[in-house]
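One structure is given below, encoded as structure tokens.
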Amino acid sequence: MNRTPVVAGNWKMHGSRAANASLVSGVLSGLAPRAERVAEVVLCPPFVYLAELAQRLDQTGVGLGAQDVCAEAGQGAFTGEVAAPMLREVGCTHVIIGHSERRALYAETDELVGRKTLTALAAGLTPIVCVGELLEERDAGRTHEVVGRQLEAVLRALQADPGGLAGLARCILAYEPVWAIGTGRTATPEQAQDVHAFIRGLIQSRDARIGGSVRVLYGGSVKPGNARELFGMPDVDGGLIGGASLKAEDFVAIVAATQ
Ligand code: PEP
């Protein structure tokens with residue numbers, strides 16, 4: 001099955017109006033012209049810069065993603081939260097959900113990640129749903145168990161929805177081993193492939209068509225020097241890029257490594 005690769009840049013809590021302008025212009029001038037691009041490219045800045053980036057990215061074919069979304073669907077008394085329809089209104093196409101930093105620092109549970117996924121889908125956003133194990137979980141041989149549990153929570157949320165599992169076809173998944181995020185320690189291509197195949201197999205056991213078509217990105221210290229090998233694995237469909245997405249040259253080189 002031919003799956004269009006995706007490379008998404010997670011800027012985390014980095015940026016300023018001036019730095020963003022120069023980063024976006026560096027990325028846009030480094031990418032192949034829109035019609036020749038092989039990969040889908042998405043940039044995910046902090047919330048406050050989304051509207052400005054939407055203008056900069058207009059008509060460029062580059063997607064715009066938020067780094068989180070409120071699980072509640074509508075407007076209401078949720079101080080500090082941002083609703084999915086608001087993200088759509090300002091031009092977002094994607095949203096990262098369940099990033100390991102949200103899970104670890106803000107106590108996001110598997111169940112909450114499932115609810116956020118549904119809310120994002122209902123607003124027409126493409127969720128980039130992150131899963132991944134801690135180092136001690138990998139060392140204890142529990143990687144599949146942990147990733148399976150995180151994924152099952154999302155599948156349960158979808159199955160409880162009238163739309164059922166069909167929503168999963170509109171999701172992108174990201175395998176991000178926590179021990180590889182921002183550490184400079186990357187999973188080997190074989191380690192990544194093992195978990196990606198596990199994720200795809202789990203989905204295929206529920207729905208063969210969706211399992212075959214869903215994109216599964218790898219994230220965790222992807223750099224220009226290791227991207228091609230990782231993206232060359234059969235079940236790795238691109239990357240979620242943190243640190244290296246803050247340097248236009250590196251990010252563009254990582255996008256080029258999908259070819
Ligand atoms: C991330 O933020 O999702 C990430 C993978 O970060 P890094 O590429 O810096 O490891």
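Just follow the structure's listing: the first ligand is 1, and inside any ligand the first atom is 1. Please read these numbers as outputs of a predicted model, since none were measured by experiment.
Using cut-offs of 30° and 60° on the angle between ring planes, the pair Tyr218 and His196 is tilted.
Less than 4.0 angstrom separates some heavy atom of Lys12 from each of these atoms of ligand 1: 1 (C), 2 (O), 6 (O). If you number the atoms of ligand 1 from 1 as listed, the ones under 4.0 Å from a heavy atom of Gly220 come out as 5 (C), 10 (O). Near Gly182, with a cut-off below 4.0 Å to any heavy atom, the atoms of ligand 1 are 7 (P), 9 (O), 10 (O).
Here's the thing with Gly243: one of its N/O atoms is less than 3.5 angstrom from an N/O atom of ligand 1. Polar contact with ligand 1: absent for Ile241 (N/O pair, distance under 3.5 Å). Ligand 1 has no N or O atom lying under 3.5 Å from any N or O atom of Thr183, backbone or side chain. Taking any N or O of Gly219, backbone or side chain, none lies under 3.5 Å from an N or O belonging to ligand 1. At least one N or O atom of Glu176, backbone or side chain, sits closer than 3.5 Å to an N or O atom of ligand 1.
Looking only at atom types and distance, the side chain of Gln67 has no donor-acceptor partner in the side chain of Trp11 under 3.5 Å away.
Note on Val69 and Val42: separate hydrophobic clusters, where clusters join Ile, Leu, Val, Met, Phe, Trp and Tyr whose side-chain heavy atoms are under 4.5 Å apart, directly or indirectly.
The backbone N or O of Gly98 lies less than 3.5 Å from a partner atom in the side chain of Arg103, making a donor-acceptor pair.
Taking the charged nitrogens against the carboxylate oxygens, Arg115 and Glu111 do have a contact shorter than 4.0 Å, which makes a salt bridge.
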Next item on the list: Any chance you could lay out the side-chain contact (heavy atoms from CB on, under 4.5 Å) test for Arg156 and Asp110, step after step, and finish with the verdict?
Entry: CA-CA 10 Å; Arg156 252 195 319 278; Asp110 296 341; 5.7 Å; no
